[in-house]
Q: 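This structure is in C-alpha cells; I'll ask about it shortly.
Positions are given from 1 along the sequence.
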Amino acid sequence: MSRRATPFVLLGLLFSALPATSHSFENTAIVRTVDLGGSLVHVTTTFAAKSLEQDASVYTIALGEEEVDRTSWLDVKVKGQPDDLKMSIEYDPQSQMNLLDVTLPKALSLNSTITIVLETIQTHATWAWPEAAAQGDGQALKYKTDLLVPSPYKTHVQRTKLKSQSPNIISYTTPKHLDAFIQEGGPVTKSGATVTYGPYHGIPPSTAEDFLTSIQQSVVVHYSYDYPVLEVLKLRRAAEISHWGANLNIQDEISLHNAGPTLKGHFSRLEHQTQSYFKRPAAHVLPSLTLHLPAGIRNMYYYDLIGNVSTSHLRVPPSAKKATRAQYSVFEMKPRYPLMGGWNYSFTLGWDSPLENSASWDSAGGKYTVEIPIMTPIVGAVVNDAEVKVILPEGATDVKFAVPFPTVSNTLSTHITYLDTTGRPALTFKYKNLTDKHALSIYVSYRVPLSAHLKKPIAVAAGFFSLFTFALFARRIDLTISKKGKNVS
Ligand SMILES: *[C@@H]1O[C@H](CO)[C@@H](O)[C@H](O)[C@H]1NC(C)=O
Ligand SMILES: *[C@@H]1O[C@H](CO)[C@@H](O)[C@H](O)[C@H]1NC(C)=O
Ligand SMILES: *[C@@H]1O[C@H](CO)[C@@H](O)[C@H](O)[C@H]1NC(C)=O
Ligand SMILES: *[C@@H]1O[C@H](CO)[C@@H](O)[C@H](O)[C@H]1NC(C)=O
C-alpha cells in the first residue's frame, strides 16, 4: 500500500473513486471539542475507531481546506499515551480534503479498537462582531466551522461541542436537513456556555460524493469574550552570543495589535480610569501585560517610540539550576496608554543573561551548543510573523542548528558590528502564525577559535543535551509543504 512506489501510485489514480484506506476502519464515535477563544482556538477531536481488517497500521484523518489554512499547530496521539504519532499529509483533489495518514504504534488485529486524539490550534479563526464598540461596551466574537468532522471512514455517532469561557452565547446556527442522522432530540442544544451539535448517527465517509454537497454545512457561534484579542503583527528577536562577555543578549522588537472591535468614538482616559476603579476595564481594552522572562536576567530594558517606559515592574529570581528550569522572571509591562480595539503598540524589550544558563560545551566534539528560545509567549496571542536572528561569536565555524518545527525559511549571513574585524556569522529563522505551543527552542552548535573559549568552564548537562537530537525534530508535520503540494496537484 506504499504510496511511494510508482506502480501503486498509478493504481491509486485508476481506482481513486475507492481509496484503499476507506475500508480499513470504521469510527464508532467522534467527539470534537472547540474551546472558543480570541486569537487562538483550541480544538480536540477524539476518534474511537475499530479495525475492519487484519494488521491495519495507518489511520487516516481528513482535514478540510479551510481547516488546514487556519491550523497553526497540530499533533496526534493515542489516547492516554504521551508520544506524538508519525504522520504524513497529502491533498486529495477528489474529496477536496487533506488526508493525514497517521502511523499507529502497532498494527491492529481485526475488530480491535483504538482511540486517537487530534489536537490543533487554529489562529485567525474568530472575528469581532459587531466590528466596532464604544469604550464601555462588551466584546463579542464569531467563530465559523464545518458542522461535521470529515473522515474517510463511516461514522456511527459524532458530536461537536463548542465551549465558550463566558456563559453569554448570543446566537448559533441551527443546521438543516439532518433528519436522517438524528435519532432523538433536535440538531443542536445549548446548555450553559456549551453549544452541542449532535449526536448524529450513521454519517457516511466524507469521500462520498454527496457529503460536501448535501450533508456538510457551516455553523456560526456568536459569543461574548471577556479578554483582549491580541495579535503580534511582527516579532523581531535578535539573540547575540558573546563569549567575550560570557553573555547572551536577547532583544525583541514587537508590534502588538488589538484585534478586538475597533474603538467607536474617542478614547477617554477618564472613562478608562473610572472603569478600572470600579470594575475590570472593558474586555477589548488592554491596560497591561505580564510576560515570563528567563530567571537570572539583568540589564533589562523596555522602550517604545517615545523613549524608556518606567511604569513597569520586573521580579527576577536567581539563575535557575538546570533542574529547576521552571523558574522565571515576571515582567509586568504597562504600555504608555491602554491598547484599545484596532490600535497598535510597538515596543522593544531586551535583557542580558549569563551565557552558561543556555550553553553547553561538548569537549569530545569540541563544540558549543546554545539554546535560543524562539519567543516569549504573550498569553492568548498569535504571532503573525516572526524572525529570530542568532548572532554567533566572531570566527565561529562549523555552524549547525536544530529547529523544533519547520521554518518558513532560514538563512546564514554575516553580522558586522564596529568592534568586529571579520564579522559574526548570523542565522535567521522565519516563522508565521506562532502560538504558545511554539514557544520552544532552536539549538545552535558551533566551534570557536582557541582565543574565544570561555574563561569559566561550562558543564555538559546530559539531560539538556539529550534534547539536541535532530531526529526528534524531524518528526513533526510540515503543513506548509502540504500547501505547496496542493498547488501542484
Ligand atoms: C497564517 O495565517 C493566515 C491567516 O489564517 C493564513 O492566511 C496564512 O496562510 C498562514 N500562513 C502560514 C505560513 O501558515
Ligand atoms: C469481527 O466482528 C464481526 C461483526 O461484529 C464478526 O462477525 C466477526 O466474527 C468478528 N471477527 C473476529 C475475528 O473477531
Ligand atoms: C533609558 O534607560 C537606559 C538604562 O535603563 C539608559 O541608559 C538610557 O539613557 C535611557 N534613555 C532615555 C532616553 O532616557
Ligand atoms: C496597525 O498596524 C497595521 C499593520 O502595520 C496597519 O495596517 C493598521 O492600519 C495599524 N492600525 C492603526 C490604528 O494604526
Side-chain angles (χ1 to χ4, degrees), residues 1-3 19-22 24-35 40-53 55-92 95 97-108 112-123 125 145-146 148-155 158-161 205-207 403-406 433-438 440 471-483 485-486:
M1 274 225 324
S2 163
R3 291 194 164 127
T21 50
S22 71
S24 48
F25 284 95
E26 64 182 19
N27 297 309
T28 47
I30 297 179
V31 178
R32 174 173 52 151
T33 307
V34 179
D35 287 313
L40 309 180
V41 173
H42 201 128
V43 182
T44 307
T45 312
T46 304
F47 300 88
K50 180 171 144 185
S51 165
L52 298 185
E53 63 180 28
D55 294 331
S57 62
V58 174
Y59 180 86
T60 301
I61 292 172
L63 298 170
E65 292 193 61
E66 193 190 27
E67 181 150 17
V68 167
D69 278 342
R70 62 194 197 179
T71 296
S72 292
W73 185 87
L74 170 158
D75 92 6
V76 183
K77 294 184 163 87
V78 174
K79 189 177 184 183
Q81 292 184 11
D83 298 334
D84 294 349
L85 298 180
K86 280 204 185 75
M87 50 195 160
S88 65
I89 191 167
E90 68 180 305
Y91 182 68
D92 172 32
S95 62
M97 295 280 168
N98 291 275
L99 300 179
L100 191 62
D101 286 337
V102 179
T103 305
L104 303 178
K106 62 181 199 316
L108 294 180
S112 59
T113 60
I114 189 163
T115 302
I116 289 164
V117 182
L118 165 71
E119 248 195 282
T120 66
I121 296 190
Q122 300 177 346
T123 59
T145 183
D146 284 338
L148 296 166
V149 178
S151 173
Y153 315 117
K154 85 172 194 263
T155 301
Q158 71 157 268
R159 72 186 87 208
T160 291
K161 292 183 198 169
S206 49
T207 43
V403 289
F405 47 87
N433 301 338
L434 300 183
T435 70
D436 41 8
K437 291 275 190 191
H438 295 97
L440 301 169
L472 176 81
F473 298 134
R475 286 191 336 191
R476 285 198 178 260
I477 186 158
D478 186 351
L479 287 168
T480 341
I481 284 173
S482 83
K483 285 181 188 165
K486 190 156 71 182

Q: Can you tell me how far CG of Leu108 sits from CD of Glu53, rounded to the nearest 0.5 angstrom?
A: 10.0 Å
Q: Ignoring hydrogens and angles, tell me if any N or O in the side chain of Thr60 forms a donor-acceptor pair with the backbone of Leu99 under 3.5 Å.
A: no
Q: If you apply the rule side chain to side chain contact (heavy atoms under 4.5 Å, CB included), what do you find for Leu104 with Ile116, and how did you get there?
A: CA-CA 9 Å; Leu104 303 178; Ile116 289 164; 3.7 Å; yes
Q: Drop me the distance from Lys154's NZ to Glu26's CD, to the nearest 0.5 angstrom.
A: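 Between Lys154 NZ and Glu26 CD, I get 5.0 Å after rounding to 0.5 Å.
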Q: My understanding is that only residues two or more places apart in sequence, or in another chain, count here; which of them pass side-chain hydrogen bond (donor to acceptor under 3.5 Å, both in side chains) with Glu119?
A: His42
Q: Do you know the tightest heavy-atom contact between Met97 and Pro150?
A: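 The answer is CE-CB, 3.7 Å.
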Q: Taking all heavy atoms of Ser24 and all of Tyr153, pick out the closest pair and write down the distance.
A: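 Residues Ser24 and Tyr153, closest heavy atoms: OG-CE2, 4.0 Å.
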Q: If the condition is side-chain hydrogen bond (donor to acceptor under 3.5 Å, both in side chains), which residues does Lys77 pass it with, not counting sequence neighbours?
A: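 Result, side-chain hydrogen bond (donor to acceptor under 3.5 Å, both in side chains) vs Lys77: Asp75, Asp84.
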Q: Assess the residue pair Ile30 and Thr46 against the criterion (side chain to side chain contact (heavy atoms under 4.5 Å, CB included)); give the C-alpha distance rounded to whole Å, side-chain angles, the decisive distance to 0.1 Å, and a yes or no.
A: CA-CA 6 Å; Ile30 297 179; Thr46 304; over 6 Å; no
Q: Measure the shortest side-chain to side-chain distance between Arg70 and Thr145 over non-hydrogen atoms and say whether it is less than 4.5 angstrom.
A: yes
Q: Does the side chain of Thr120 pick up a donor-acceptor pair with the side chain of Thr71 at under 3.5 Å?
A: no
Q: Just how far is it from atom CG of Leu40 to atom CG of Asn433, taken to the nearest 0.5 Å?
A: 10.5 Å
Q: I'd like to check Ile61 versus Met87 (side-chain heavy atoms, cut-off strictly below 4.5 Å). Are they in contact?
A: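 Ile61 does not reach Met87 side chain to side chain.
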Q: Does any non-hydrogen side-chain atom of Arg32 lie less than 4.5 Å from one of Gln158?
A: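 A side-chain contact is absent here, since even the closest heavy-atom pair is not under 4.5 Å.
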Q: Could you check if a side-chain atom of Thr160 sits within less than 4.5 angstrom of a side-chain atom of Asp146, using non-hydrogen atoms only?
A: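 No, their side chains stay 4.5 Å or more apart.
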Q: With rounding to the nearest 0.5 angstrom, report the CZ to NE2 distance, Phe405 to His438.
A: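 It comes to 5.0 Å.
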Q: Nearest heavy-atom pair of Thr207 and Ser95: which atoms, and what distance?
A: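 Heavy atoms of Thr207 and Ser95 come nearest at CG2-CB, 3.9 Å.
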Q: Please check this pair: side chain of Thr28 against backbone of Ala48, looking for a donor-acceptor N/O pair closer than 3.5 Å.
A: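 Here the side-chain-to-backbone pair exists.
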Q: State, yes or no, whether a side-chain contact exists between Leu434 and Ser72 at a heavy-atom distance under 4.5 Å.
A: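 No, side chains not in contact.
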Q: Looking at every non-hydrogen atom in both residues, tell me the closest pair between Leu118 and Phe47 and how far apart they are.
A: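 Taking Leu118 first and Phe47 second, the nearest heavy atoms are CB-CE1, 4.0 Å.
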Q: For Asn27, what residues pass the side-chain hydrogen bond (donor to acceptor under 3.5 Å, both in side chains) criterion, not counting sequence neighbours?
A: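 Partners of Asn27 under the side-chain hydrogen bond (donor to acceptor under 3.5 Å, both in side chains) test: Tyr59, Ser151, Thr155.
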Q: Of all the heavy-atom pairs spanning Ser206 and Pro152, show the shortest one and how long it is.
A: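 That would be OG-N, 4.0 Å.
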Q: Locate the shortest heavy-atom distance separating Gly64 from Asn98; write the atom from each residue and the value.
A: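 Of all heavy-atom pairs spanning Gly64 and Asn98, the closest is O-ND2, 4.1 Å.
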